[in-house]
Amino acid sequence: MVVFAGQGDPRRSLSLLWRADAPPPARGGPGPKPRLSVDAIVAAAVALADEEGMGALSMRAVGERLGRTAMALYTYVPGKSELLDLMYDAVHAELPSAYPESDDWRTALTAWAGEVLEFYVRHPWVLQVSQARPVLGPHEYAGLDTLVALLRTTGLEAGVLRRLVGTVFPYLRGSAQAVADARLAAAATGSSDEEWWAARSAALLELVPDFAERFPAMSRLEAEGPVEPYPAAGPEGAEALPYLEREARETFRVGLGVLLDGIEAARARRP
């Protein structure tokens with residue numbers, strides 16, 4: 001499911017994102033109900049999306065988490081479209097906004113990319129928000145500004161840097177989507193990665209005995225040996241990761257290295 005941000009009223013949405021207008025007074029009264037605020041509503045919505053996915057998001061569901069009706073939320077957030085913008089921008093505050101100044105651009109970019117990957121994995125619903133319509137919030141801009149600052153240390157010209165920004169973020173989102181899907185696969189299908197592959201591999205070999213002849217390039221690649229294992233220093237350790245997630249993370253690591261090699265080659269071609 002792809003969701004497009006920026007669907008609410010432009011003036012109201014941007015005002016909320018940048019907190020340009022004074023927030024409405026907190027509404028409280030007798031009893032234990034918490035006072036409402038934009039931040040409280042956004043935090044509840046983020047928690048809901050993290051736990052149950054984007055499909056569970058509604059003003060009513062968020063209100064129930066806060067012990068209020070959906071109507072009580074509209075004083076602070078006009079609707080679901082504006083809420084989505086606020087949620088998306090709010091979680092981007094988790095991204096690091098600065099790295100120590102250093103000539104080692106490759107180490108800095110590698111560290112940044114790893115942190116962005118983990119951010120997307122923590123909030124997989126963010127990957128459903130299309131990049132075609134950016135939210136234009138302060139935290140989204142801060143994350144973009146950090147990447148631009150890191151890329152500028154490569155010394156490449158502005159035109160190339162613009163295209164690199166458009167290359168790096170889609171690569172990270174695609175890698176994170178693979179990790180997120182790997183985590184959901186077992187629960188969604190009812191079988192582990194190993195069980196799923198074992199059952200289908202056996203059936204495939206039986207039903208397609210000439211597989212190697214029909215697909216020689218793939219078969220040769222498989223026969224040339226196993227891929228390099230995921231490093232034990234990974235976020236959860238190599239042995240703790242299910243097969244599909246381990247493969248997705250290793251693919252991210254190797255692909256990122258090749259992408260950075262390309263940046264290095266572009267630097268070497270500079271006049």
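Bear in mind the structure is a predicted one, so any value in this text is a computation, not a measurement.
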Approximate separation, where rounding is to 0.5 Å, of [X] [atom1] and [Y] [atom2]:
X      : Y      : atom1 : atom2 : answer
Tyr74  : Lys80  : OH    : NZ    : 10.0 Å
Trp197 : Leu244 : CH2   : CG    : 7.5 Å
Leu150 : Leu164 : CG    : CG    : 12.0 Å
Leu151 : Leu109 : CG    : CG    : 5.5 Å
Leu136 : Trp18  : CG    : CH2   : 8.5 Å
Leu73  : Ile41  : CG    : CD1   : 4.0 Å

> Is atom OH of Tyr141 surrounded by more than 12 heavy atoms (other residues, nucleotides or ligands) closer than 6.0 Å?
Replying inline: no

> Would you find more than 12 non-hydrogen atoms of other residues, nucleotides or ligands less than 6.0 Å from Glu206 atom CD?
Replying inline: no

> Under the side chain to side chain donor-acceptor pair (under 3.5 Å) rule, what pairs show up with a residue in residues 255-271, not counting sequence neighbours?
Replying inline: Arg106-Asp261, Glu264-Arg267

Looking at side-chain heavy atoms only, is the closest gap between [X] and [Y] below 4.5 Å?
X      : Y      : value
Trp112 : Thr146 : yes
Trp125 : Val91  : yes
His123 : Asp50  : yes
Glu82  : Gln7   : no
Val179 : Tyr120 : no
Asp193 : Glu247 : no
His139 : Tyr88  : no
Gln128 : Val2   : no

> Is Glu250 salt-bridged to Arg246, cutoff N-O under 4.0 Å?
Replying inline: no

>> Any salt bridge linking Glu157 with Arg162? Criterion: basic side-chain nitrogen under 4.0 Å from a carboxylate oxygen.
In response: no

How close do [X] and [Y] get, counting heavy atoms only, and between which atoms?
X      : Y      : result
Pro78  : Leu16  : CD-CD1, 3.5 Å
Gly6   : Asp85  : N-OD1, 3.0 Å
Leu172 : Leu117 : O-CD1, 4.3 Å

> Is there a donor-acceptor pair under 3.5 Å between the side chain of Glu245 and the backbone N or O of Ala182?
Replying inline: no

> Just by modelled atom types, is the Pro10 backbone N or O under 3.5 Å from a matching donor or acceptor in the Ser13 side chain?
Replying inline: no

> According to a 4.5 Å side-chain heavy-atom criterion applied to Ile, Leu, Val, Met, Phe, Trp and Tyr, with indirect links allowed, do Val254 and Tyr243 form part of one hydrophobic cluster?
Replying inline: no

>> Holding to salt bridge (charged side-chain N to carboxylate O under 4.0 Å, His left out), I want the full list of residues that pass it with Arg122, two or more places apart in sequence or in another chain.
In response: Glu94

> With sequence neighbours left out, what residues match Asp145 under side-chain hydrogen bond (donor to acceptor under 3.5 Å, both in side chains)?
Replying inline: none

